[in-house]
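Each remark here refers to the structure printed beneath this line.
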2 protein chains.
Amino acid sequence: MKKTILIFGALVLALLTLFQLSTYSLVSSNTSIEVIIAGIAIVFFVIGVLINKKVLHKDKDTTREIDHKKIKSIGLSKREYEVLCEIALGLSNKEIAEKLFVSESTIKTHVSNVLVKLDAKRRTQAIQIAKELQIINF
Amino acid sequence: MKKTILIFGALVLALLTLFQLSTYSLVSSNTSIEVIIAGIAIVFFVIGVLINKKVLHKDKDTTREIDHKKIKSIGLSKREYEVLCEIALGLSNKEIAEKLFVSESTIKTHVSNVLVKLDAKRRTQAIQIAKELQIINF
DNA sequence: GGTAATTTCATACTTTAGTATGAGTCGTTT
DNA sequence: AAACGACTCATACTAAAGTATGAAATTACC
């Protein structure tokens, strides 16, 4: 947050400098009017694009980044979360068991725990809920 | 596409007019230099923001809009697609049957057809595949 | 008007998913 | 050391999901 304020302040300063420089150049008539105006136009155009990009980029991030704090607050263990991710990829219990080198019984236990903690009745519903909680990537 | 070119042309024209107007105002000294520069700056800033917004908006649309043509090319019927969407929402066959006012048998038939057409072994995998094909919203 | 595709439903069956319970192991914490 | 949480596994069971097959009604299309 402090960084943002600092950058913003520097930007304002730079703009004021540019402003003064422009008026000075015009008064002293060292440079042609068109060049100054074109320069101003380009600079502000770029600034507009950059600011807009930053704002929209933040939006995209918040909708795609996974919320690790929420995972803990829900009470999902590391292994349970792993299983949840594999479920979301469309794997069966047997396939998950083979992928994680454990028995299918173990996966069933994990799945049951995940369903309880996410308050879901089925694995498909768990996927949906996990997505809404921004716990998994989609 | 023609519309875009037309708008772009109009924009360029408007900018040139503004440009000429600015230089004229400066030469005739009817307006203060600062006001003109500030005006130019604001106009180009806004233009930059708008253009950037349009470009990024298009990106978002392409990643989120569902591909109706692909649904047809896969061979999914209207009802089968409906069922697919309900599956993605995490509903069971029974719940889907109640929501669409048909029997569970019917839903099972539709689900089987969907799985074959999407080349999926399970409904969870069907969700994943449908997502990759940009057939359903996520 | 006939044909094809869609939608509907049923029955019987196999497979997968999910629940309940109990228990052993391992690492951490107190 | 004892207690705790996380991970593992098994067995036995119930519930859903998915397959196969056949068939009737509806709709769409030529």
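Chain letters run A, B, ... following the sequence lines, proteins first and then strands; every chain starts at 1.
- OP1 and OP2 of C:dT16 both lie 4.0 Å or more from every side-chain N or O belonging to A:Asn93.
- Note on A:His110: a side-chain N or O is less than 4.0 Å away from OP1 or OP2 of D:dT8.
- Between B:Lys70 and B:Ser73, some side-chain heavy-atom pair lies under the 4.5 Å cut-off.
- Applying the 4.0 Å criterion to OP1 and OP2 of C:dT19, one finds that A:Ser112 has a side-chain N or O inside that range.
- Distances shorter than 4.0 Å separate none of the side-chain N or O atoms of B:Ser103 from OP1 or OP2 on C:dT8.
- Dashed line: the shortest gap from a side-chain N or O of B:Thr109 to OP1 or OP2 of C:dT7 is not under 4.0 Å.
- Side-chain proximity of B:Ser105 to D:dT19, C:dA10, C:dG18: nearest is C:dA10.
- Between B:Lys108 and the options B:Ile96, B:Asn113, B:Val83, B:Asn93, a side chain to side chain contact (heavy atoms under 4.5 Å, CB included) holds for only B:Asn93.
- Phosphate proximity of D:dA16 to A:Arg122: absent, as no side-chain N or O sits under 4.0 Å from OP1 or OP2.
- Residue B:Arg79 places its side chain closer to C:dT7 than to any other of C:dA17, C:dT7, D:dA17.
- Contact check, A:Ser77 against D:dC7: a side-chain N or O comes under 4.0 Å of OP1 or OP2.
- Separating the NZ atom in A:Lys72 from the NZ atom in A:Lys78 is a distance of 10.0 Å, to the nearest 0.5 Å.
- Looking at the side chain of B:Leu115, the nearest of the listed nucleotides D:dT8, D:dA6, D:dT19 is D:dT19.
- In the model, A:Ser112 has no side-chain atom that pairs as donor or acceptor with a side-chain atom of A:Thr109 under 3.5 Å.
- Counting any heavy atom pair closer than 4.0 Å across all strands shown, B:Thr106 reaches a base atom.
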